[in-house]
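Scroll down for the structure; my scribbles are underneath it.
Since the structure is predicted, the reported quantities are computational estimates derived from the model, not experimental observations. Here is the naming used below: chain letters follow the sequence lines, and residue numbers restart at 1 for every chain.
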Amino acid sequence: MSDLRVIALHGELDIARRDEARFALRADGDVGAVLLDFADVTYADSTILSTLLVFTREMGIRGVPVAILVGTPQLARIVQYAGLSDILPVFNERSDALTHLSEGRR
Amino acid sequence: MSDLRVIALHGELDIARRDEARFALRADGDVGAVLLDFADVTYADSTILSTLLVFTREMGIRGVPVAILVGTPQLARIVQYAGLSDILPVFNERSDALTHLSEGRR
Amino acid sequence: MSEPPELRITRRAVPTSAAAMRHALRAFLTALEWEEDAILDIVTAVGEALANAIEHAYEDATEEAREVTLYARAAGDGLLSAEVRDCGRFIERARRPGRGFGLRIVRSIASDVSLETKDGTSVRMLFDTRKMHKAL
Amino acid sequence: MSEPPELRITRRAVPTSAAAMRHALRAFLTALEWEEDAILDIVTAVGEALANAIEHAYEDATEEAREVTLYARAAGDGLLSAEVRDCGRFIERARRPGRGFGLRIVRSIASDVSLETKDGTSVRMLFDTRKMHKAL
Ligand SMILES: Nc1ncnc2c1ncn2[C@@H]1O[C@H](COP(=O)(O)OP(=O)(O)O)[C@@H](O)[C@H]1O
Ligand SMILES: Nc1ncnc2c1ncn2[C@@H]1O[C@H](COP(=O)(O)OP(=O)(O)O)[C@@H](O)[C@H]1O
């Protein structure tokens, strides 16, 4: 998987870090798959969900699979509460996230 | 300093950990000096000061110098508020603590 | 001893205030020995209300009086009532694609939510930890 | 918006409660953006009063009603009033060598301390952050 792009963020992703998150969530150039490594993210609010949604859609249009690796149950749960479970590809295990990406590769 | 005994504690040393602190603060056998390495202690209450006082006095009677290395300013300050600055040998720097110990050695 | 546990904090309605207020709420609930799962969800819901006050309430306000207040009060039996209040102006707005998750999240977690928009916005939430996680 | 920031927590008067209540106070004061130096000292003083309620108040009490309440209320201008209250019995005791630092520490940090021993012990402390650290 030489063209796997890993984007790692950590800490609390809330309204105060929206611009930072938007800036980090880019995948220019020739990318085969994107792993959003949020294993060390301890909190996410809905402003980040919106950013994730935009990013995942853009990648979908480009045919690039995305997987979101989460550490805290808070992030997995806010995705469900927002009704985005079927849209945002959230994984608790790195291996599951990578499997998802390799299956979705072009 | 082959007979330097280092006793390290960490976290919050309060009433809930008094027995643990009492148990840890022992220096049996042939000890030349004791460094209480509290660099990772983040909080101390007065019950710990009492334990420190007993230990330092016992060591004093045995002629064994003691140095308390502190990390958080809270610990240095509670010693002052308790009026124990002249009795408890508190140091902010490891090198100062070690110098104090080597000067006090038998 | 009879007064219920409570927490009230007022801060400037700026983005960095959200985390500090969530942390205070989390430590308050932790001190009450509430379950971690319930704490996660309550902090998530209150966090959304705080983010709304910070993001929307003062869009056209002058610099003074940009404040947001969090009030939380625990009743027995695992109930918590919380209120997030600002002195701004509620913005009625058509649903925007990819936005509008905040209040939905609040409603998913709280067993009761009431929104009052007089002299600012007040979001009152009732959390019943005995009934939480029902959706998951 | 006019009510002052406040925090009230009641917990069982057992050793593990002290840290949880200190953490809640710390997060509350941090959320109010108080200076770290002042927070350290206030938490230290309140921590001593909590430890006293936990260690001494219920020495001869039955298991029920072993509770300790922390109440803190911020006024403007860097003032905080705090109260630690239990429903036990104050123990008058001759000074014991190597003990008795708790109330001394409280008095070193607070600008005003009052101890009431009716239906338990109440320690009221006033902290004035503008005057703190004067002793050091
Ligand atoms: N405290 C508030 N002050 C002003 N308007 C608010 C407030 N809370 C919510 N709103 C309005 O309600 C809308 C929906 O809020 P929400 O569901 O949290 O989604 P989002 O914040 O993503 O738009 C906001 O866009 C805003 O117009
Ligand atoms: N909440 C309390 N309930 C009962 N007795 C108390 C309380 N607080 C203080 N005391 C009494 O006052 C004494 C002095 O307290 P303090 O100065 O904190 O030192 P120490 O706790 O080391 O004895 C205690 O030993 C105890 O007899």
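Per-residue counts of heavy-atom pairs under 4.5 Å with chain D were compared for C:A24, C:A20, C:A19, C:S17; the largest is that of C:A24.
Summarising the geometry, atom OH belonging to C:Y71 is positioned 7.0 Å from atom CD belonging to D:E6; distances are rounded to the nearest 0.5 Å. Note: D:R26 CZ to C:H23 NE2 = 13.0 Å, rounded to the nearest 0.5 Å.
Between C:A31 and D:I9, the shortest heavy-atom distance links the atoms CB-CD1, 3.9 Å. Scanning both residues, D:T30 and C:R11, for their nearest heavy atoms gives O-NH1, 4.0 Å. Here the closest heavy-atom approach between residue D:T10 and residue C:L32 is recorded as O-CD2, 4.3 Å. For the residue pair C:A27 and D:A27, the shortest heavy atom distance occurs at CB-CB, 3.5 Å.
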